[in-house]
Amino acid sequence: MVTDAPILKVQHLSKRFGDHQVLQDIDFETYPRNVICIIGASGSGKSTLLRCINLLETPTSGEILFHNGSIFSGGFNLSTYRAHVGMVFQSFNLFHNMTVLQNCMVGTRKVLKKNKEEAHDVAIKYLTKVGMAPYINAKPAQLSGGQQQRVAIARALAMEPEILLFDEPTSALDPQMVGEVLEVMRSLAQEGLTMIIVTHEMAFAKDVSSRVIFMDQGVIAEEGSPSQIFENPENERTKEFLSRFINR
Amino acid sequence: MASPTTFMEWVVFLLHKYLSFFLQGCEITLVLALVGTLLGCVIGLLVGVLRTVPAPGPKANPAIKVLYRLMQFILLAYIEIFRGTPMMVQAMVVYYGSMQVFNLNMSPMFAGFLVVSINTGAYMAETVRGGIESIDAGQTEAAKAIGMTHWQTMACVIMPQTIRNILPQIGNNLIINIKDTSVLNVISVTELYFNGKSAAGIYYRYFEVYFLISILYFIMTFACARLLRWAERKIDGSGYYQLVDPLADPTGTLPTKKKAKGVMRLW
């Protein structure tokens, strides 16, 4: 792992909305096959950080390097970058006007310019992986939340991204459906997919992550291996946050 | 045939005498309304989409910023002017104005198409803008997140949903146009109202003639309303979906339409 070059480097990243400083001086690196879980209270800037990484939000200052190239430099192709950095949303955001299959084909067809047969095969491959292949003809509105989220994961995987970002993927699901989505994510982690996951599922984070980042009030308060963060947290805020989770 | 005396006798008499004349009027009315609504929708989609183009950022080229402002001003002016004046007045201004100012002798029909299209376009532009803005921002974000450009997002994700959502309003416009093309009688377009007026003037039977005319208008609007409802259901597609067995059918070929109909079938 150490011999690999980082895929993604975030340096001194800051974001403010008006007077509100949401992110301050964020620094971290993602190496291939890393699973990074970002935890922290609501409003601590976790989602904003994720959204800055694929430029759904424009950072106020700082630098993001993708394979050591700045994503803010003039010649950088934003569309290609986003195709390499997938995103799974809290509210699934499947395209309502398309079937499950079309949802998983539109990106490969329009952005990666694959032909129909290829795009179809890729879509079926990843829909099979998330266990949604039988539902290719369904519209998103006809599926449960957990099923929709699994399709959304397949849609992101169909782009064959180098990193997949998850923005609280299970927060809009009921407990039973949380399980089926986490199961899929767990198998992706085992297969070595590089992932950055914002989550409130502490047991899951402890289990799958190679590194855990605890965010508090827009800064990285503590960072380390899962055993470090969950068993021996040093920062007072981390202890307080985790104790609330354990006592809940 | 003895001269009619009662209301019903007059109705039968006029129907017998003028039905084909009225039907010719219906045809003109329908053609004007359909073409006008269709062209109006095209104009409205174009203007509505341009109105929702995101403003250039603070670092953008100043020329582009000026161009953007100018475009938005022109589009807004178009909408406000054509929504804010009566179609009847617009018809007069366009028809007689083109003759007097540009020495253009357009036919009343052509002027009619022009006025109905432009007028509908102004209303549709706002409908389209509302439709686009009502689509959940998550749809745009998801499209961006897989690398789609603004125009790809619009064409593949936002517009198909917008058009489905504004279909009832398109229907409203069509029905309004069927009725409101009657104002084009002021520039002698021989639509249904105009023909009715001509027929009524011959025997001075206004009530009987307009009673018939109102029935004809209602038949046209009601038929259109039903057709549009049918189109909406068609777009929504089946309430069911068919499960596909990926092992039995590794290609995942889509089942035929006929099979997908009816009850939900497993495998």
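Computed from a prediction, not measured in an experiment: that's the story for all the values here. The chains referred to below are lettered A, B, ... by the order of the sequence lines, with proteins before strands, and numbering in each begins at 1.
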Do any N or O atoms from the side chain of [X] and from the backbone of [Y] form a donor-acceptor pair under 3.5 angstrom?
{"X": "B/Y78", "Y": "B/I118", "value": "yes"}
{"X": "A/T194", "Y": "A/R33", "value": "yes"}
{"X": "A/N54", "Y": "A/R82", "value": "no"}

Over 12 foreign heavy atoms within 6.0 Å of [atom1], [X]:
{"X": "B/R83", "atom1": "CZ", "result": "yes"}
{"X": "A/E191", "atom1": "CD", "result": "yes"}
{"X": "B/F73", "atom1": "CZ", "result": "no"}
{"X": "A/K114", "atom1": "NZ", "result": "yes"}
{"X": "B/F110", "atom1": "CZ", "result": "no"}

A/C104 and A/V151, any side-chain heavy atoms less than 4.5 Å apart: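 The answer is yes; the side chains approach within 4.5 Å.
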Do A/L193 and A/L157 come close enough that some side-chain heavy atom pair is under 4.5 Å?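 The answer is yes, as the side chains (C-beta and beyond) meet within the 4.5 Å cut-off.
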For A/I153 and A/V181, what are the C-alpha separation, side-chain angles and deciding distance, and is it a side chain to side chain contact (heavy atoms under 4.5 Å, CB included)? CA-CA 9 Å; A/I153 292 172; A/V181 171; 4.1 Å; yes
Identify which of [options] forms the greatest number of heavy-atom pairs closer than 4.5 Å to chain B.
{"options": "A/L165, A/T99, A/L56", "value": "A/L56"}
{"options": "A/E117, A/M87, A/R155, A/Q142", "value": "A/Q142"}
{"options": "A/V111, A/V106, A/N97", "value": "A/N97"}
{"options": "A/H96, A/K110, A/M159", "value": "A/H96"}

Answer with side chain, backbone, both or neither: which region of [X] has an atom nearer than 4.5 Å to a non-hydrogen atom of chain B?
{"X": "A/V88", "value": "neither"}
{"X": "A/L94", "value": "backbone"}
{"X": "A/F89", "value": "side chain"}
{"X": "A/I53", "value": "neither"}

Residues 25-54 of chain B: residues contacting chain A (heavy atom under 4.5 Å, by number): none
Output the residues of residues 124-143 of chain B for which the shortest heavy-atom distance to chain A is under 4.5 Å, in residue-number order; output 'none' if no such residue exists.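 Interface residues of residues 124-143 of chain B: B/D136, B/G138, B/Q139, B/E141, B/A142, B/A143.
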Residues of residues 61-73 of chain A with a heavy atom under 4.5 Å from any heavy atom of chain B, in residue-number order, are none
Under the ring pair (Phe, Tyr, Trp, His ring centres under 6.0 Å) definition, can you give me all pairs with a residue in residues 117-156 of chain B, not counting sequence neighbours? none
Between OG1 of A/T48 and NZ of A/K15, what distance do you get to the nearest 0.5 Å?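 One finds 8.5 Å between OG1 of A/T48 and NZ of A/K15.
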Would A/N93 and A/S91 count as having a side-chain donor-acceptor pair, cut-off 3.5 Å?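 Yes, a side-chain donor-acceptor pair sits under 3.5 Å.
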Assign the ring pair B/F222 / B/F218 to parallel, tilted or perpendicular, where the plane angle (0 to 90°) is split at 30° and 60°. parallel
I need the minimum non-hydrogen distance between A/P32 and A/A5, along with the two atoms involved. CD-O, 3.3 Å
